[in-house]
Peer 1: 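One structure coming up, written as structure tokens, with questions to follow.
Keep in mind that what you see is a predicted model, and the values were worked out from it rather than measured. To find a chain, count down the sequence lines: A is the first, B the second, and so on, and within it residues start at 1.
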Amino acid sequence: MKAMVLLQISNQSVSSVLFFGTMGMLALAVGLVIFIVFHQRRVIRYQMQLQEMEEEQQKILLNASIRWQEEERQRIAADLHDDAGPLLATARLYLNENLVNQDISTQLQSIYNAKQIIDDTIQLIRNISHSLMPPTLKNFGLESAVNDLFQKISGSGVVNASCRFHDYRQRLRPEQELLIFRVIQELVNNILKHSSSSFIHVTQNYNEDRFFIRLHHDGRGITQADFDRLNKSALGLGLKNIQSRVKVLQARIEFEKDLSQTYYKVTMEIPVEDHEMIT
Amino acid sequence: MKNPTEIYLFSSPVFWVVVGIIIFSAGTFFPFIYARNYMNESEFLDLYDMIHDPLYIIKNVFFSLAMLTKDKESKLKYTKKPYRTPTSFNPR
């Protein structure tokens, strides 16, 4: 009798343990699965957001480069239309059909004037083409091109521009050189436009497959935070251009204030494979 | 972690298999522990069946879901024909 009661009690406790234990285990298992699913969803959403942000940034850069291209075209069109057009029209006026009926000295004078104007036009077109693509860069490399640019700037007497290439025995690939030159040009342009500095100094170094360009100036500059901010805003077309060029070069660019807090420094670090260099 | 579509859980058959195994093992944990000592009692057996059988069905449902889920990678992988073609057949 006693054994029966004991068995019943134990049976009851066993069945309750069985029931509640199983329920608890099931709840734990389902909870675990639900947790994993929700966590995964959150990760996916986060990644989507990241991708969206990246796409947005890409779009801004693309827009900037398109706008820049259009502006460049407008500038070239304006140069050709406003300068070359009138000059050639004037030359044509000197060389009209009535010239044959005039006396010889007038004829000579007209031809001389027309020649002068055509010479001017040739010079003008040469300037336009040089500003589009500096021939020194193609023929003599980055160092000469930057030197040339800085000589022109120093010639104005307002800013003292100098450059020093420490390790430039081999030229880079032409398209890389062009991109680097454009970035330097844009940086110098910005410095001349905004910073009111008294000197610009560029140094170049080559170290462990990395090509370094450092640019110092003593005017009002920008730091990395400013650069990032302007890159995300609608302003700063030139900076976006720098950014997209740096991206194409797979390089890194850093804007900072010097330790002494007097100079602003821009460092560009371009990865260069040894076989990429033209010997 | 590179491509979000790759880590979408419901599209991977392994996920369903794992869920089935987890739920089945968690649910049958206590019945299996007691089974050794109480298998002779009809009351326990009823409870055991009541817990085990639905879980077994659920597990199999999850497994069939796993089989129904199309695996993108396996669709791309074609294996060679397992049977002999007339040209490869050589009786000697």
Peer 1: Quick check on Arg164(A): does its CZ atom have over 12 non-hydrogen neighbours (other residues, nucleotides or ligands) under 6.0 Å away?
Peer 2: no
Peer 1: Chain B heavy atoms under 4.5 Å from Arg45(A): which part of the residue, side chain, backbone, both or neither?
Peer 2: neither
Peer 1: Can you tell me if Glu43(B) has over 12 outside heavy atoms packed within less than 6.0 Å of its CD?
Peer 2: no
Peer 1: Could you tell me which of Ile36(A), Val17(A), Leu32(A) has the largest number of non-hydrogen atom pairs under 4.5 Å with chain B?
Peer 2: Val17(A)
Peer 1: Would you compute the distance between atom CZ of Phe24(B) and atom CG of Leu26(A) and round it to the nearest 0.5 angstrom?
Peer 2: 11.0 Å
Peer 1: Is the closest side-chain heavy-atom distance between Phe29(B) and Thr22(A) below 4.5 Å?
Peer 2: no
Peer 1: Measuring heavy-atom distances to chain B, does Val37(A) have an atom under 4.5 Å in its side chain, in its backbone, in both, or in neither?
Peer 2: both
Peer 1: Please enumerate all residues that pass ring-ring contact (aromatic ring centres under 6.0 Å, His included) together with Phe30(B), with sequence neighbours excluded.
Peer 2: none
Peer 1: Do other residues, nucleotides or ligands put more than 12 heavy atoms under 6.0 Å from the CZ atom of Phe32(B)?
Peer 2: yes
Peer 1: Report, as yes or no, whether the 6.0 Å neighbourhood of atom NE2 on His194(A) holds more than 12 heavy atoms from other residues, nucleotides or ligands.
Peer 2: yes
Peer 1: Does atom CZ of Arg182(A) have more than 12 heavy-atom neighbours from other groups under 6.0 Å away?
Peer 2: yes
Peer 1: Spell out the residues in residues 47-55 of chain B that have some non-hydrogen atom less than 4.5 Å away from a non-hydrogen atom of chain A, in order of number; otherwise answer 'none'.
Peer 2: Leu47(B), Ile51(B), Leu55(B)
Peer 1: Does atom OH of Tyr263(A) have more than 12 heavy-atom neighbours from other groups under 6.0 Å away?
Peer 2: no
Peer 1: Is it the side chain or the backbone of Leu18(A) that comes within 4.5 Å of chain B heavy atoms, both, or neither?
Peer 2: both
Peer 1: Among residues two or more places apart or on two chains, list those pairs meeting side chain to side chain donor-acceptor pair (under 3.5 Å) that have a residue in residues 238-253 of chain A.
Peer 2: Asn231(A)-Gln243(A), Arg252(A)-Glu269(A)
Peer 1: Could you tell me which residues in residues 14-22 of chain B have at least one non-hydrogen atom under 4.5 Å from a non-hydrogen atom of chain A, sorted by residue number?
Peer 2: Phe15(B), Val19(B), Ile22(B)
